[in-house]
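Note sheet for the following structure.
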Amino acid sequence: MSGDVSRAAWNSAYEKGLVEILHEYKDNPKYKGQNGWSSEGWRIITAKFNESFPIAHFTKQQIQEKEKELKGNYKTLRDAKKESGNGWNESLCMILAEPKIWEKLIKNHPKVAKFRKKPFPLFYQLEALYEGSIATGNLNFTSIQQKDPLDDAPMAAPRVAPMAAPRVAPMAAPMVAPIAAPTVAPMAAPAERSISEQSLHSDLRDFGNNPYVSSFDGQGTSSARNEQNEAHSAPSEGGSGRKRKQSHIGSALEDYVEFKKSQTSKTLEALNEKKKHAEEFCFEKCADQVDSINELTNEEKSYAIELFESDTNREVFMKTKNPEVRLIWLKRKIRVLSGRAI
């Protein structure tokens with residue numbers, strides 16, 4: 001059997017199915033306790049998985065190794081995501097960062113290198129599995145936590161209001177006081193908001209109309225840190241920030257398409273390998289070989305047919321090149337089988 005088949009040919013559908021099965025049983029104390037999954041838990045998970053994907057035939061050990069790998073990938077991406085200076089694409093579950101930032105991320109988290117051009121769509125499902133909650137919201141800040149400037153907008157007038165009194169206090173006429181509030185408050189609000197906040201406000205509003213976003217089931221794509229850097233570095237450039245933002249999204253889309261092509265190619269290769277293996281050690285070939293062995297009686301040949309119901313027996317029989325050794329092995333198996341029948 002080839003190395004790829006023995007290591008288990010996983011694909012995105014298998015991984016997603018495994019995570020869904022883990023979610024199904026994670027709250028049952030019979031299958032999962034404080035120290036992790038129980039033996040009964042792994043047994044039921046393996047059985048459920050192979051029932052959902054009949055052609056997989058994965059063992060409990062292969063299922064456990066994949067769960068360990070997914071957990072490690074999630075923790076690596078989670079920790080790298082917290083580093084300052086990078087953004088986060090919620091739809092693709094990818095880190096967005098400049099090359100220099102990536103060099104720093106890989107130095108601090110070497111295992112994150114494989115996610116530089118590769119999405120990890122199971123991130124939030126694994127977060128719910130291991131952390132118990134999923135982050136929500138249009139923006140997911142990965143460095144310095146700041147309030148959305150849109151949330152601060154309604155507070156602008158109350159902050160400026162106390163300043164109105166000193167300006168109108170010298171005017172004793174009672175008719176001036178009502179005029180002061182509408183005159184001063186509208187002028188103060190723009191003064192309180194920085195140029196960068198206004199630019200970011202405009203970018204966020206325009207980003208809602210971005211044609212690239214609608215292709216991901218209506219989910220928003222956030223790279224808050226990058227947007228802030230663009231707003232501070234070039235507040236007067238107008239559309240240049242939006243062009244860079246669209247360039248980020250376009251690059252992420254291209255990387256995602258390449259990743260899906262590669263994954264599909266690997267899946268097809270694994271399926272072709274499995275099909276080739278099945279044809280090489282098929283029942284018909286084994287039966288033809290047995291019919292040509294003159295040293296066997298018809299009764300022994302009938303037991304051999306039952307013997308070849310097993311994939312392993314067929315493979316051992318066909319791979320044994322020495323005719324004498326093959327005959328000795330076959331007769332020994334037939335004796336065991338015939339003794340059991342008696």
Side-chain angles (χ1 to χ4, degrees), residues 72-124 126-127 135-150 193-216 219-263:
N73 288 341
Y74 161 71
K75 288 185 175 181
T76 296
L77 202 55
R78 178 199 64 185
D79 295 341
K81 180 171 169 279
K82 295 178 182 178
E83 294 282 344
S84 61
N86 59 353
W88 176 251
N89 184 307
E90 286 188 351
S91 296
L92 298 180
C93 295
M94 290 178 66
I95 291 176
L96 301 179
E98 299 296 331
K100 291 183 178 180
I101 301 297
W102 265 114
E103 292 177 5
K104 179 182 176 183
L105 284 175
I106 294 173
K107 182 178 179 181
N108 296 338
H109 310 277
K111 293 182 180 179
V112 81
K114 63 182 177 180
F115 294 111
R116 185 166 185 172
K117 293 185 177 182
K118 176 183 176 182
F120 192 55
L122 296 175
F123 181 84
Y124 287 125
L126 292 171
E127 183 180 56
T136 57
N138 294 328
L139 293 179
N140 185 13
F141 291 90
T142 58
S143 55
I144 302 174
Q145 294 294 327
Q146 300 181 12
K147 287 186 177 180
D148 188 338
L150 295 176
R193 298 180 65 175
S194 66
I195 296 175
S196 63
E197 287 176 331
Q198 295 175 28
S199 177
L200 180 58
H201 188 158
S202 175
D203 281 350
L204 290 171
R205 184 176 61 253
D206 293 336
F207 187 63
N209 299 322
N210 195 318
Y212 290 98
V213 181
S214 61
S215 62
F216 292 99
Q219 297 179 0
T221 304
S222 66
S223 53
R225 188 65 181 178
N226 289 343
E227 291 174 4
Q228 288 180 334
N229 289 340
E230 291 168 4
H232 283 289
S233 61
S236 61
E237 292 180 2
S240 62
R242 290 192 295 275
K243 290 180 180 179
R244 283 195 296 272
K245 182 165 54 184
Q246 292 183 1
S247 175
H248 278 309
I249 298 173
S251 175
L253 286 171
E254 291 176 2
D255 293 338
Y256 181 69
V257 170
E258 289 299 321
F259 164 72
K260 293 300 291 183
K261 286 181 180 179
S262 173
Q263 195 173 49

Output all residues satisfying side-chain contact (heavy atoms from CB on, under 4.5 Å) with [X], sequence neighbours left out; order by chain, then residue number.
| X | result |
| --- | --- |
| Lys100 | none |
| Lys117 | Asp255 |
| Gln263 | Ser12, Phe259, Lys260 |

Donor-acceptor pair, distance only, cut-off 3.5 Å: does the side chain of Thr76 make one with the backbone of Gly72?
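Such a contact is found between Thr76 side chain and Gly72 backbone.
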Quick one: [atom1] on [X] to [atom2] on [Y], what's the gap to the nearest 0.5 Å?
| X | Y | atom1 | atom2 | value |
| --- | --- | --- | --- | --- |
| Lys111 | Asp79 | NZ | CG | 11.0 Å |
| Met94 | Leu253 | CE | CG | 9.5 Å |
| Ile106 | Lys104 | CD1 | NZ | 13.5 Å |
| Arg78 | Leu126 | CZ | CG | 11.5 Å |

Could you give all pairs that pass the ring-ring contact (aromatic ring centres under 6.0 Å, His included) test and reach residues 102-122, with sequence neighbours left out?
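Listed once each, the pairs are Phe115-Phe120.
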With sequence neighbours left out, what residues match Lys114 under side chain to side chain donor-acceptor pair (under 3.5 Å)?
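Side chain to side chain donor-acceptor pair (under 3.5 Å) check on Lys114 returns Asn73.
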Considering non-hydrogen atoms only, spot the tightest contact between [X] and [Y] and give its length.
| X | Y | result |
| --- | --- | --- |
| Leu77 | Cys93 | CD2-O, 4.0 Å |
| Ala80 | Ile95 | CB-CD1, 3.9 Å |
| Ser84 | Ile101 | O-CG2, 4.4 Å |
| Leu92 | Pro119 | O-CB, 3.0 Å |
| Lys81 | Asn86 | O-OD1, 3.8 Å |

Only counting residues at least two apart or in another chain, list the ones meeting salt bridge (Lys or Arg N to Asp or Glu O under 4.0 Å) with Arg116.
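For Arg116 there are no salt bridge (Lys or Arg N to Asp or Glu O under 4.0 Å) partners, ignoring immediate neighbours.
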